[in-house]
Amino acid sequence: MNLSIQLPGLNLKNPIMPASGCFGFGREYSQFFDLNELGAIIMKSATGEERLGNPTPRVAETASGMLNAIGLQNPGVHKIIEKEIPFLKKFDIPIIANVAGSTIEEYEYVAEAFSKDATINAIELNISCPNVKEGGIQFGTNINMAEEITKRVKAKSNVPVYVKLSPNVTNVVEIAQAVERAGADGITMINTLTGMQIHLPSKRPLIANRTGGLSGPAIKPIAIKMIYEVSEAVDLPIIGMGGISNADDVIEFLLAGASAVAIGTANFQNPLVCSEIINNLPKTLENYGFNSIEDVIGKGHI
Amino acid sequence: MNLSIQLPGLNLKNPIMPASGCFGFGREYSQFFDLNELGAIIMKSATGEERLGNPTPRVAETASGMLNAIGLQNPGVHKIIEKEIPFLKKFDIPIIANVAGSTIEEYEYVAEAFSKDATINAIELNISCPNVKEGGIQFGTNINMAEEITKRVKAKSNVPVYVKLSPNVTNVVEIAQAVERAGADGITMINTLTGMQIHLPSKRPLIANRTGGLSGPAIKPIAIKMIYEVSEAVDLPIIGMGGISNADDVIEFLLAGASAVAIGTANFQNPLVCSEIINNLPKTLENYGFNSIEDVIGKGHI
Amino acid sequence: MIRKELLPIISNKKIAHESYELVLESEYISSTAVPGQFLHLSIRNHTLRRPLSIAAVDKKNHTVTLLYKLVGKGTEDLITYDTNEKIDVLGPGGKEFVIDDLTENDEVLLIGGGIGVPPLHFLAQKLSEKNVKMTMVLGFLSKEYLFYEKEFNELGHTIIATDDGSYGEKGRVTDVDLSQFNFKHYYSCGPLPMLKAVKEKYSHIDGFLSFEERFGCGVGACFACVIPTKDDAGYKKICQDGPVFSSKEVLI
Amino acid sequence: MIRKELLPIISNKKIAHESYELVLESEYISSTAVPGQFLHLSIRNHTLRRPLSIAAVDKKNHTVTLLYKLVGKGTEDLITYDTNEKIDVLGPGGKEFVIDDLTENDEVLLIGGGIGVPPLHFLAQKLSEKNVKMTMVLGFLSKEYLFYEKEFNELGHTIIATDDGSYGEKGRVTDVDLSQFNFKHYYSCGPLPMLKAVKEKYSHIDGFLSFEERFGCGVGACFACVIPTKDDAGYKKICQDGPVFSSKEVLI
Ligand SMILES: Cc1cc2nc3c(=O)[nH]c(=O)nc-3n(C[C@H](O)[C@H](O)[C@H](O)COP(=O)(O)OP(=O)(O)OC[C@H]3O[C@@H](n4cnc5c(N)ncnc54)[C@H](O)[C@@H]3O)c2cc1C
Ligand SMILES: Cc1cc2nc3c(=O)[nH]c(=O)nc-3n(C[C@H](O)[C@H](O)[C@H](O)COP(=O)(O)OP(=O)(O)OC[C@H]3O[C@@H](n4cnc5c(N)ncnc54)[C@H](O)[C@@H]3O)c2cc1C
Ligand SMILES: Cc1cc2nc3c(=O)[nH]c(=O)nc-3n(C[C@H](O)[C@H](O)[C@H](O)COP(=O)(O)O)c2cc1C
Ligand SMILES: Cc1cc2nc3c(=O)[nH]c(=O)nc-3n(C[C@H](O)[C@H](O)[C@H](O)COP(=O)(O)O)c2cc1C
Ligand code: FES
Ligand code: FES
């Protein structure tokens, strides 16, 4: 069955890609399966300079989910272009660069740097990281800032820009409409929900950063609801994520209105999950009577 | 061990009570254990007139949680006072009446009616129901409306008013501070997060109302984080809820800053869960080195 | 009264395509349950319990039999339970099929479709003890889904219908011509469209219908399972006031 | 290379208070793993895997032994696995204790505390094959927590210390006086405070320390497990670059 789907800047042979921060820059997972199987890859968030992130512990397990507060640790955009992209170049898959920062200027700087590298097919603008003091989520929870930063980054980018939305808002549709006005080429959603776990033996928040981002199957109903609403309110393609762990989940996201999906937390439990989902997708689509990916997108709407 | 705790209008022999809408008016669960064991009981939401609620299906299962869209079905405040409260009167436990409505006037009307009944010890103001077209959540997601409705309902009530907050907001602290300004005596949190599940065989949202409220262990980290933040920002006692299913969870909520807790979804899996938690609490508190409930409240803060 | 019990599994085996038989041991349920009632099963890793009708009880051996169809995640996990395991059950729940006004040689009709067939078997057991004359029409998707034909035949006159005609009469259970009979009551359980057709076709007879809905609590506390009714309340709870309702009271 | 395998459980039994021994069958791991490496176990109903050090391998019988302490939800569920079951494992992961520069009769010190003891047993097995002279100091909370004393004694000179003095020497592993020895290296694993004390006391010796941290991916992709280091990068990943690090490179 034909699993391909065309999105701005992204010629996907299938709608499956690893989510930012859950797959590093691909190296580690390439020992488990051939990355050429992937529809695309989204790299870990990049900032202008190297960042060491938050103190540890940085992760905790929750019911059907996990909390993380990595804090955007990364070697910085230039080291990524120099050391990581050459490795990914060897594979025949679109590369999406995830852009983060503390100031609009830093976001512009990183986007511009990636735009100069011909191997980058699209940018994912991370305005929804809940784990850093400045930047990140503050841009994603305010309509004006979201619009402003999207405009500014678009101006510096020569590849399509997908804006990654935060679910930690009263009205995600307003934010989606703001980034559409600002010229975003697509939307990726959802990033993590802010959460906390208290470690009883020590009577302290388990995660050193106190709060962390909640991900995994626990948040899937929230992701589905937000994608369903946003897809009715904007004309941008959506790359959906939030708790996907099998082919049925993928179809649920497509029915809700996503055109492709990203898989995060599930990689930790099963390093082969992306590959397995890609292999199961044709059979699963058939079982539910679908003949293509296009056939499924948005069909869950009444 | 002494499990008692005093809150405005509520003299609790222990900090455990069933959450609104998950325990009806107590009748059904009284066949499983003696309701006198409970610290208190929170009744199902009451509106001015009888309501028939949403079409079915109204519930769906999710990973470590569930979605519900009952839609505030209830016989109306007068039938509740007439038919349900006389049954609850027979037990020696504080009764909390949950007040809902479509307009501020309806909220006032219901609060006033309950205030006339001497057996009601406190009111829980539900401005966070995600499953009704008008009222409910719209009051709980807007600072001014939350402040306004709290003021108005307080004026009509001669018992302490606890305002139930919605987690579906960008900044729950602002809402908590608004209801504190308005004179609330306490806060209960969290209500459910809006979510959706799409039923693959029928390619439609499983819940007839399309969206529903997400509850259960899946949302516990979100509840803990919000209670932790709100307890640092306001001086009101908090009754915490969201995914509690055992004594360890209760202690986690108290450490986060709650003074008592309510148990919802867990009653469906185990009708005896409130009774079992109450019985396990002393031993569990001891294991972690606590000597009383007071001893635990807010101790998880750094 | 509903009890929460941890019940030993006597057997859990496939009896037809996507259809399974689960036999549990419970002195309390086997001795108190009546036809139409259900058990609410807690299946590992599931937040919500799953309701299954009681298909048979054996008072002597203290066993309760459930028949279930593989339809989703819960039933997929239910088939993984082994004989040596125990399962957490709430029950018996709900109201029974009304049969007290029936006397020897009264004629009644039982109509079941798919997963609506199980409760009718328990009912047929009770009715045969009363020597009530039964005609039973059981509908299945196709021959491969057919189960308990022998058991029903032993209890009375049984007609099998399959949608594709691969076994018994071809067509729906309401297509079967029973005009020669003079039924005092009918008892039916199955998918909603079937129940509507039955209610319509036999509108001249006092009937009893068993309904299904997605349950939350299963004990009457959460209002997840309401069905519109003719009384002033305007609704009833399937888990508590049902699952069996008189054809005269429900609005479908 | 790390592989994902579904491994048969040979045994899973209690060996001391809150301490268990899990023996798995894997030709691949038993023949390729080296001391210091860990396995990443998928435990049913848990989103994240749990890392456990390899405590012993048997190349002939293709078995791998893990020793674990009951500390929380994951290990509570791990003890429920039976011999007839299989468990999903990623491994072997991480870097080994460096021993190639050691030759016969070199003297080395092994210091372990609590759940830090397991990897030292695998190391001791390898070192004894090389006929390296070992002094092993193993610390436990109290006598009831003591495990594998016999196994260690068979491999070399073993000193047991308990915090409460209920067995062996009273006090911490760093309290034991070993001034008469002349160690070429030390190898240590245990809680962070212990590792700090060891690093400090034996600062004149090149040592190797094995660290623990809460893991996400366990393969080097998520940055959950970093530890500060002296190099320009400023950090290393415990799951990929460790868990064993040279006492000279880490900042603790
Ligand atoms: C009073 C009562 C008695 C029942 N007796 C039986 C019985 O004897 N044998 C039997 O096989 N089934 C019976 N059912 C239906 C049974 O409860 C569901 O098939 C089961 O809960 C499905 O669970 P699941 O997780 O496998 O499916 P899910 O993954 O939850 O859903 C899969 C499919 O099952 C359907 N479904 C889910 N829950 C229900 C429900 N509560 N009622 C009707 N359809 C549902 C959905 O439409 C969906 O298409 C009964 C239901 C009720 C309310
Ligand atoms: C490389 C490595 C090797 C390890 N080898 C062993 C071993 O051989 N035997 C053994 O018993 N344990 C070992 N551990 C620790 C083991 O992974 C944890 O004890 C286990 O994951 C706890 O899981 P839990 O769900 O039972 O506890 P949780 O409920 O997750 O936590 C309970 C307690 O365990 C502690 N803990 C949780 N995760 C870790 C972790 N990753 N590292 C350290 N402490 C943790 C927490 O501080 C908490 O107090 C190792 C850890 C690492 C990183
Ligand atoms: C450990 C971890 C690290 C993450 N790092 C990033 C990141 O650097 N940038 C980003 O945009 N999202 C990051 N995310 C969010 C994921 O990309 C994804 O949006 C979220 O986890 C929901 O998907 P999931 O439930 O499949 O994990 C991270 C998530 C996890 C669990
Ligand atoms: C079926 C169901 C019905 C509910 N009805 C109400 C209600 O009528 N009024 C209200 O304030 N909250 C209602 N809630 C929310 C709960 O009181 C509680 O805030 C929420 O479920 C989180 O707690 P839990 O995770 O323990 O269920 C309902 C929840 C469920 C699951
Ligand atoms: S399922 Fe809760 S009232 Fe029927
Ligand atoms: S646990 Fe993911 S990088 Fe180490």
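Quantities reported herein were computed from a predicted structural model and do not represent experimental measurements. Chain naming here is simple, since letters A, B, ... match the order of the sequence lines and numbering starts at 1 in each.
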Among [options], residue most engaged with chain D (heavy-atom pairs, under 4.5 Å):
options                             : result
A/Cys22, A/Gly216, A/Ala63, A/Gly65 : A/Gly65
A/Asn267, A/Leu272, A/Asn270        : A/Asn270
A/Gln73, A/Arg58, A/Glu61           : A/Glu61

### Query
With only heavy atoms counted, which part of D/His40 is less than 4.5 Å from chain A, the side chain, the backbone, both or neither?
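Neither the backbone nor the side chain of D/His40 comes within 4.5 Å of chain A.
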
### Task
With a 4.5 angstrom heavy-atom cut-off, could you sort out which part of D/Ile2 is near chain A: side chain, backbone, both or neither?
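Both parts, backbone and side chain.
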
### Task
Give a yes or no on whether D/Lys73 atom NZ has more than 12 heavy-atom contacts from other residues, nucleotides or ligands under 6.0 Å away.
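Counting other residues, nucleotides and ligands, NZ of D/Lys73 stays at 12 neighbours or fewer.
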
### Query
Hey, does A/Leu52 have a side-chain heavy atom less than 4.5 Å from the side chain of D/Tyr235?
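Yes, their side chains come closer than 4.5 Å.
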
### Query
Less than 4.5 Å apart, any side-chain heavy atom of D/Phe211 and any of D/Cys189?
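No - every pair of side-chain heavy atoms lies 4.5 Å or more apart.
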
### Query
Side chain, backbone, both or neither: which part of A/Thr265 has a heavy atom under 4.5 Å from chain D?
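Only the side chain of A/Thr265 comes within 4.5 Å of chain D.
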
### Message
Counting only non-hydrogen atoms closer than 4.5 Å, does A/Asn74 touch chain D with its backbone (N, CA, C, O), its side chain (CB onward), both, or neither?
### Response
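Neither part.
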
### Query
For the residue pair A/Leu193 and A/Asn168, what are the closest heavy atoms and their distance?
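Scanning both residues completely, I find the closest heavy atoms to be CA-OD1, 3.3 Å.
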
### Task
Taking the six-membered ring of D/Phe223 (Phe, Tyr or Trp), confirm whether the NZ or CZ of D/Lys237 is under 6.0 Å from its centre and within 45° of its axis.
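Cation-pi check for D/Lys237 and D/Phe223: passes.
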
